Amino acid sequence: MSMTFLTRLGLFGCVATLAACSSVENRQNVFTVGKAVIGQLSANKPAEPDPDEVARVAQHALTHSTGPLAIYRLEERKAVAIIRPIARNGAYRTWASYGSSERRSVSSRNGVLTATRGLGNDLMSSDIDSLLALVSHRQAGAASIEQRYLDGENQTVTIRSDCTVSRGESEAFADGTGRTVRVTRMMAQCDQDERRVTNSYLVTDAGEIVQSRHWAGPTMGHSVVQRLR
């Protein structure tokens, strides 16, 4: 995998480096760092991940595994991990860090984050059907979504977003295998009681979301899921 590809992923905006694989020294990733997340919020800024380390783990995962792989990034926490699926329930897929036995996980539906576990102030569940219906069909329109997350008191809080979905330009998307497909950029401007957030999605002609930048909660900020394979 080239550094050019990793630059296109925007990994330089990402906290901890990735999980170790069998031939790489053990390091923290977005999942193992979950225990310390709350402390980090009031501490000094965490260090940026090493792009070379990201490249090594991504290449190892592509070479030594089969099946889907993705890059998961939490922008606000500056965290990044290579993830692989560990379970599937209908349209929902649960992912964990490649090369790690940690059970901290994220869940997605058609490439969009719907839940997290073990990361601190977790996103517990999401109702995003109306948004996905527009985005996957590359159609403009209005959609409402609900997200439930844990606050600092370990209480579940529900946030409703009223979103305006718009269709952008067509562009090329290259995954970690070098395969290139044409995608359409979809945008969703979502209004909440206390904030306005902008989400974006890259969607193939078949309706597959190969990259999503989707708001995950007040302390998580935007979460990026991007297909590697």
Side-chain angles (χ1 to χ4, degrees), residues 1-14 18 30 49 51 54-75 80-98 106-114 126 128-141 143 145 163-190 198-216 222-229:
M1 174 177 293
S2 68
M3 286 305 297
T4 302
F5 174 70
L6 287 171
T7 302
R8 289 204 303 271
L9 294 180
L11 291 179
F12 296 102
C14 312
L18 291 161
V30 67
V54 175
R56 282 193 294 271
V57 178
Q59 185 60 63
H60 189 282
L62 288 165
T63 303
H64 294 87
S65 69
T66 59
L69 290 169
I71 290 180
Y72 176 64
R73 181 157 51 97
L74 274 175
E75 291 183 354
V80 60
I82 305 299
I83 54 176
R84 88 290 186 198
I86 58 172
R88 187 156 195 166
N89 182 10
Y92 295 88
R93 180 175 279 171
T94 300
W95 307 75
S97 183
Y98 171 78
V106 298
S107 296
S108 66
R109 181 176 176 186
N110 192 11
V112 179
L113 184 80
T114 58
S126 304
I128 58 173
D129 290 4
S130 60
L131 176 69
L132 282 181
L134 290 173
V135 170
S136 62
H137 288 90
R138 296 169 296 157
Q139 295 177 348
I145 66 175
C163 304
T164 300
V165 179
S166 59
R167 177 170 173 155
E169 299 296 323
S170 175
E171 57 190 85
F173 172 86
D175 66 15
T177 68
R179 176 174 171 262
T180 301
V181 295
R182 298 302 300 178
V183 295
T184 300
R185 182 174 293 274
M186 301 296 296
M187 306 293 293
Q189 183 172 282
C190 300
T198 301
N199 302 326
S200 63
Y201 313 90
L202 298 182
V203 190
T204 69
D205 292 346
E208 295 179 302
I209 300 172
V210 294
Q211 177 182 300
S212 64
R213 181 178 181 268
H214 187 77
W215 190 80
H222 280 86
S223 177
V224 177
V225 180
Q226 181 161 349
R227 177 189 296 177
L228 269 179
R229 181 175 60 205

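Just so it is clear, the model here is predicted, and its values are computed rather than measured.
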Could you state the interatomic distance from CE (M187) to CZ (R213), rounded to the nearest 0.5 Å?
-> 8.0 Å

Side chains of V135 and V203: closer than 4.5 Å at any heavy-atom pair?
-> yes

Is there a side-chain contact (heavy atoms from CB on, under 4.5 Å) between Y92 and T94 once you walk through the steps?
-> CA-CA 7 Å; Y92 295 88; T94 300; over 6 Å; no

All heavy atoms of A143 vs all of S130, minimum pair found to be CB-OG, 3.5 Å

Considering the options I71, L62, I82, which one meets the side chain to side chain contact (heavy atoms under 4.5 Å, CB included) requirement together with V57?
-> I82

Is the shortest heavy-atom distance from the side chain of V183 to the side chain of T204 under 4.5 Å?
-> yes

Point-to-point distance, once rounded to the nearest 0.5 Å, from CZ of R84 to OH of Y72 | 15.0 Å

Sidechain-backbone polar pair: N110 side chain, G207 backbone, donor-acceptor under 3.5 Å = yes

Please examine the side chains of S65 and R229, heavy atoms only from C-beta on, and report whether any two atoms are closer than 4.5 Å.
-> yes

In this structure, SG of C190 is separated from CD1 of I145 (nearest 0.5 Å) by 5.0 Å

Is the backbone N or O of S107 less than 3.5 Å from a side-chain atom of T114, with the two atoms forming a donor-acceptor pair by type?
-> yes

Determine yes or no for a side-chain-to-main-chain donor-acceptor pair under 3.5 angstrom, with H60 supplying the side chain and R56 the backbone.
-> no

Donor-acceptor contact below 3.5 Å, side chain H222 vs main chain T198 = yes

Euclidean distance, L134 CG relative to Q139 CD, rounded to 0.5 Å | 6.5 Å

Stepwise, does the side-chain contact (heavy atoms from CB on, under 4.5 Å) test hold for D129 with R109?
-> CA-CA 10 Å; D129 290 4; R109 181 176 176 186; 2.5 Å; yes

Would you list the pairs meeting side-chain hydrogen bond (donor to acceptor under 3.5 Å, both in side chains) in which at least one residue belongs to residues 180-189, sequence neighbours left out?
-> S170-R182, E171-R185

Do any N or O atoms from the side chain of R167 and from the backbone of R138 form a donor-acceptor pair under 3.5 angstrom?
-> yes

Is there a side-chain contact (heavy atoms from CB on, under 4.5 Å) between L131 and Y201 once you walk through the steps?
-> CA-CA 11 Å; L131 176 69; Y201 313 90; 3.3 Å; yes

So how far is it from L113 CG to S223 OG, rounded to the nearest 0.5 Å?
-> 4.0 Å

Residue list, side chain to side chain donor-acceptor pair (under 3.5 Å) with T164, at least two apart or on another chain | none

Student check: side-chain heavy atoms of E75 and V224 closer than 4.5 Å | yes

When rounded to the nearest 0.5 angstrom, what is the spacing between CD1 in I83 and OH in Y98?
-> 14.0 Å

Are any non-hydrogen side-chain atoms of H214 and I209 less than 4.5 angstrom apart?
-> no

Residues V225 and A70: closest non-hydrogen pair is CG1-CB, 4.4 Å

